[in-house]
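Please read the structure below before turning to the comments.
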Amino acid sequence: MKETNDNFIMLPTVDFCFKELMMNPKVRTGFIAALLDLPPSEVQETEVLPTELPRGSEDEKLGILDVFVKMMDGTQMNLEMQVHFFAFWDSRILFYLSKMFSGQLHRGESYDRLRKCIHVSILDFNRFDDSECYHIVRFYDGKTKELYSDLLELQFLELKKLPEEAQSEKGIIRWMRFLHGKTRKEFEEMAGTDEYMEEAYQTLIHLSADEKKRLEYEVREKALRDYNSQMKSAKQEGIALGRAETFDITIKIIQLNLQGKSPQEIANLCNLRVEEVVKYLGGCKIKCVSLRREIQNLR
């Protein structure tokens, strides 16, 4: 019989858990109200839409969103939990945002039907080189700094940059603390701050007690751990490979240089630019003495 852990609770930084939290209308309302800096009563109603964005043609790249929400006034939001940075991150979220915006119109419809679209990235890594944990990015005039349009918006919540807890915090900072929680005790303490966070805590309790949901969560958590391990291994192998390749090319350049080849000839033989060869040779002056014996053996 499988032993149960009464203190086990799902963590919102695992995207499966975050999605399940946002399926609760009250939790979703409280979080969106904090993102928009509005009282929850003004959010009124939200609808979770399918997360597969439409394609204009079969060969067009498909966009998949995490939690795609439409509000009563037509505003659309994508809420995404992301724990790893990867190449072309900024291009990816701009692609999703533009797909959301352009996907509102059907053939023949007027542009005045377009409504605001917001992509919200909740990050368990640091994206910006500053101490701010919450960024809102919009279109501004480069010269006057005046807002050009608020129809497209990016929000970034960097969980690892949360400041020390203060008495009077904005609602979004309190929600960030909740999303970054690690223990049942932390969630329980934060639940007392308002009814929406209390609902989020109770949702976590119910999700964590559901055997089927827990199994799905654990599968996703394992996939994230495996990904971390694979990326770390690949990075270490890449560093080692880079060092080996650097050593090999250094040896080759020194050999050719000792044979009396000019930088241009070395560049042609090694498929490098002349500037690179000169840089290698400049950095190799000290190495030449220590490597001379090895090079003689290689001849």
Side-chain angles (χ1 to χ4, degrees), residues 18 31-39 42-43 46 49 51 53-57 59-163 166 168-177 179-180 273 275:
F18 176 71
F31 183 55
I32 289 175
L35 287 169
L36 300 178
D37 197 20
L38 295 172
E42 291 189 24
V43 175
T46 60
L49 301 177
T51 57
L53 290 174
R55 289 184 290 183
S57 62
D59 60 349
E60 186 176 339
K61 185 173 175 60
L62 181 66
I64 303 296
L65 302 180
D66 284 330
V67 182
F68 192 14
V69 178
K70 185 176 182 180
M71 301 175 64
M72 285 189 69
D73 66 356
T75 297
Q76 295 184 14
M77 302 181 74
N78 171 47
L79 311 175
E80 177 182 51
M81 175 66 70
Q82 185 69 36
V83 296
H84 302 291
F85 177 80
F86 50 84
F88 310 113
W89 166 264
D90 295 312
S91 297
R92 172 183 175 274
I93 60 175
L94 288 172
F95 169 77
Y96 284 149
L97 183 61
S98 61
K99 290 284 284 187
M100 288 169 62
F101 192 66
S102 61
Q104 296 179 76
L105 292 185
H106 300 289
R107 183 175 296 178
E109 291 183 333
S110 173
Y111 293 119
D112 63 1
R113 294 177 60 88
L114 292 169
R115 295 294 179 265
K116 185 170 185 172
C117 289
I118 307 171
H119 184 101
V120 181
S121 296
I122 305 150
L123 309 178
D124 202 24
F125 60 85
N126 294 339
R127 162 62 185 83
F128 296 96
D129 295 327
D130 59 26
S131 60
E132 296 295 321
C133 65
Y134 181 48
H135 289 267
I136 298 178
V137 179
R138 301 188 180 103
F139 281 94
Y140 285 85
D141 184 291
K143 184 175 291 186
T144 67
K145 309 305 179 186
E146 292 182 359
L147 181 66
Y148 173 71
S149 173
D150 68 346
L151 287 178
L152 295 174
E153 180 176 299
L154 297 170
Q155 294 200 23
F156 298 90
L157 286 63
E158 297 176 277
L159 301 181
K160 290 188 179 297
K161 288 185 181 177
L162 279 165
S168 56
E169 291 185 328
K170 290 180 61 176
I172 191 58
I173 303 299
R174 286 191 284 112
W175 271 101
M176 288 175 67
R177 290 196 192 284
L179 294 175
H180 200 232
R273 291 182 291 112
E275 294 83 359

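The residues of the chain are indexed from 1 along the displayed sequence.
- More than 12 heavy atoms of other residues, nucleotides or ligands lie within 6.0 Å of CZ in F125, so this atom counts as buried by the packing criterion.
- Side-chain polar atoms of Q155 and H119 form no donor-acceptor pair below 3.5 angstrom.
- The shortest distance between side-chain heavy atoms of F156 and F128 falls below 4.5 Å.
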Solution key, residues 145-152 side-chain donor-acceptor pairs under 3.5 Å, sequence neighbours excluded:
unit_1: K145; atom_1: NZ; unit_2: G142; atom_2: O; d: 3.0
unit_1: S149; atom_1: OG; unit_2: L151; atom_2: N; d: 3.1

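- Between T46 and K70 the shortest side-chain heavy-atom distance does not fall below 4.5 Å.
- Between Q76 and I118, every side-chain heavy-atom pair lies at or beyond the 4.5 Å cut-off.
- Formation of a donor-acceptor pair under 3.5 Å by the S102 side chain with backbone atoms of S98 is found in this model.
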Show your reasoning for whether side-chain contact (heavy atoms from CB on, under 4.5 Å) applies to E80 and V67. CA-CA 7 Å; E80 177 182 51; V67 182; over 6 Å; no
Evaluate the criterion side-chain contact (heavy atoms from CB on, under 4.5 Å) for residue pair I172 and L35; output intermediate values, then yes/no. CA-CA 6 Å; I172 191 58; L35 287 169; 3.5 Å; yes
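- No side-chain heavy atom of C133 sits under 4.5 Å from any side-chain heavy atom of L157.
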For K161 and D130, run salt bridge (charged side-chain N to carboxylate O under 4.0 Å, His left out): C-alpha distance rounded to whole Å, both residues' side-chain angles, the deciding distance at 0.1 Å, then the answer. CA-CA 9 Å; K161 288 185 181 177; D130 59 26; 3.0 Å; yes
Evaluate the side-chain contact (heavy atoms from CB on, under 4.5 Å) criterion for residues I93 and S121: first the C-alpha distance (whole Å), next the side-chain angles of each, then the deciding distance (0.1 Å), finally the verdict. CA-CA 9 Å; I93 60 175; S121 296; 4.1 Å; yes
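- Using a 4.5 Å heavy-atom threshold, the side chains of Q82 and I122 count as separate.
- Between the side chain of Q104 and the main chain of R115, a donor-acceptor pair closer than 3.5 Å is present.
- You'll find the side chain of E153 stays beyond 4.5 Å of the side chain of C117, heavy atoms only.
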Step by step, would you call D124 with E158 a side-chain contact (heavy atoms from CB on, under 4.5 Å)? CA-CA 6 Å; D124 202 24; E158 297 176 277; over 6 Å; no
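- Applying the side-chain contact (heavy atoms from CB on, under 4.5 Å) test to D112 and every residue at least two apart in sequence or in another chain returns S110.
- In this structure, E42 contributes its side chain and P39 its backbone to no donor-acceptor pair below 3.5 Å.
- Contact of the M77 side chain with the I32 side chain is registered, since non-hydrogen atoms from C-beta on lie closer than 4.5 Å.
- With a 4.5 Å cut-off on side-chain heavy atoms, L79 and F31 count as touching.
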Going through the checks in order, is the salt bridge (charged side-chain N to carboxylate O under 4.0 Å, His left out) test met by D90 and R127? CA-CA 10 Å; D90 295 312; R127 162 62 185 83; 3.0 Å; yes
